[in-house]
Amino acid sequence: MCSSDLKIFWNAFWVDNPVFRQILGICSTLAVTNLVINTVIMDIGLVFATVMSSVTVSLLRNVTPRRIRMMVQVLIIAAWVILFDLMLKAYVPDISKALGAYVGLIITNCIIMGRAEAFASSNKVFPALIDGLASGLGYSLILLSIAIPREILGFGTLFKDTAIQITLLPESFTKWIIMVMAPGAFFMLAILIWVIRGWTERTGEDKH
Amino acid sequence: MVEINPFVILFAAIFTNNILLSNYLGMCSFLAVSREVKASYGLGFAVIFVMTATTALNWLVYFYMLVPAGLEHFWYIIFIVVIAAFVQLVEILIEKISPVLYINLGIFLPLITVNCAIMGASLFMIIRGYDFLQSVAYGFGAGVGWALAIVAMAGIRQRIARSNVPAPLAGAGIALIIAGIMSLAFMGFSGMIQVQ
C-alpha cells in the first residue's frame, strides 16, 4: 500500500466518516445495535456489500451509460445484498431471522450508494476497493461503539445468546432496559456525535 | 396469513410501532428535512401517498408474479425497481396534471426513492405475512406515523433553533436526542395493543 492509498483509506475511514460527519445511512442499521452479535453480522454484510459494489461499479465505469448509472448502481448493490442474505440464511439462520428486513435495507443505505457515486464511478478498481473497505469499516466502528454500551447496560452481557457470551455486570445491577429499546439507540448516537465533535473541535481538526 | 383486523394494524403502525421511532427507518430525510414545518408537511404527505401505493403494488407483484415464478429471492431488486419506477411515474404525472402540486410535492419525490422507510414497509409486510388489506392498512399507517413524527419534530426544532445548544451537539445531535425523547413518549402507547 503506497501513501496515496493510505490517504484514501484514512479519508474514507475517519475524515469523511459517513455517520458523524455527514449523518448518513444511520437508518437501516441502527435497529440492530441492541445486540453486539447482530451488529457484527450486519457490519460484515455492510463491508461486504460496500467493497463488492464499489469494485463492480468501478469495473463497469467505462461501459455504464451516464444517464442510467444510478439505476445500474442500485441493481449492483441489490445483487450483492441478495447474495449476502442467501449466505446468512444458509449458514446462520437464527441471526438471519433476527435481522429480518434490515439485511434487505442495506440496499437503501445511503453510504453504499454514496461511495459508488462519489468515488467508485470515477476511479480505478484498487482505490475503489480501498475506499469501499474504509467507509464500511468506519461505519462499523460507529455501529459497534453504539452496540457495545447498549448491550452492556441493557443486558449486562456481551455477545448474548452465543457460545462466547461474556457476563460483565453482576446480577445485582439493575438493567437499563431502555438502552436496548428504541430510544436507547437515539441517545447513544447523539452522545457519540457530541463526544466526537466536541473532541475534534477542541483539537482544531474540524473545519466545518 | 395472520388474523388481525386491518384497523388494528393501522393504529399499531401509527402509534405503537412507529416506523421512524421504533424501527429507525427514514432517518436520513427525517434529519435533513425536519428543520422546517412546511417542508415537513410536504414530505410527510408524499411519504403517505407513496408508501400506501407501493405496499399495495409490491404485495401484488410479490404474490402474483414472484411467488408463482419461484423468484422470491429477487424480492429486494424487484421492490426497489417498483418503488423507483412508481416514484418516477408519479413525478411525471403530477408535473403534467397539477403544476401547483408539483412545486409543493415534486421536489420531495426523488428523495423518497432512497427513503428506507418506503422499502422497509414493503419488506415488513411480507415478513409479517399480511394479506392485501392488511398490507395497505399497514402502508398507510406507517406513512401517517412517519409524517406525524417528522411534523412534530419540525415544530420542536423550530423552537430549539432559538435556544442555546452546546456547539458540538447542534444540528443532528440535538435532533437525535429529541427523537429519543419522542420515541420514549410513543412507547407509552405500546401498552394499548400488542401487534407486530
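In this text, all values refer to a predicted model and were calculated from it rather than measured experimentally. Residue numbering restarts at 1 for every chain, and letters A, B, ... go by the order of the sequence lines.
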**Request:** Taking atom CE of A:M87 as the centre, report whether more than 12 heavy atoms of other residues, nucleotides or ligands fall under 6.0 Å from it.
**Result:** yes
**Prompt:** Among B:F79, B:F124, B:W75, which residue forms the greatest number of heavy-atom pairs with chain A at distances under 4.5 Å?
**Reply:** B:F124
**Fill in**
Ranking A:G104, A:A185, A:G184 by heavy-atom pairs under 4.5 Å to chain B gives rank one to A:G104
**Fill in**
Whatever's closer than 4.5 Å to a heavy atom in chain B on A:I77 counts as neither
**Asked** With only heavy atoms counted, which part of A:I191 is less than 4.5 Å from chain B, the side chain, the backbone, both or neither?
**Response** neither
**Asked** Does B:Y24 reach the main-chain N or O of A:A182 with its side chain, forming a donor-acceptor pair under 3.5 Å?
**Response** yes
**Request:** Check each atom of B:M182 against the heavy atoms of chain A and say whether the ones under 4.5 Å are side chain, backbone, both or neither.
**Result:** neither
**Asked** Are the side chain of B:Q158 and the backbone of B:G155 linked by a donor-acceptor contact shorter than 3.5 Å?
**Response** no
**Message:** Within the supplied structure, the quantity of interest is the number of heavy atoms (other residues, nucleotides, ligands) at a distance under 6.0 Å from B:Y76 OH; does it exceed 12?
**Reply:** yes
**Asked** Quick check: does any side chain N or O of A:T33 sit under 3.5 Å from a backbone N or O of A:L143, one acting as donor and the other as acceptor?
**Response** no
**Request:** Select one option (side chain, backbone, both, neither) describing which atoms of A:M71 are under 4.5 Å from chain B's heavy atoms.
**Result:** side chain
**Item:** Side chain, backbone, both or neither of B:I181 within contact of chain A (heavy atoms, under 4.5 Å)
**Value:** both
**Request:** Decide yes or no for B:Y138 and B:I19: does some side-chain heavy atom of the first lie under 4.5 Å from some side-chain heavy atom of the second?
**Result:** yes
**Message:** Quick check on B:I127 against chain A: is it the side chain, the backbone, both or neither that has a heavy atom closer than 4.5 Å?
**Reply:** side chain
**Request:** Could you tell me which portion of A:I107 (side chain, backbone, both or neither) has an atom closer than 4.5 angstrom to a non-hydrogen atom of chain B?
**Result:** side chain
**Request:** Count the heavy-atom pairs under 4.5 Å between each of A:V81, A:L86, A:V103 and chain B, then report the option with the highest count.
**Result:** A:L86
**Prompt:** So, the side chain of A:T39 versus the backbone of A:L144: is there a donor-acceptor pair under 3.5 Å, distance only?
**Reply:** no
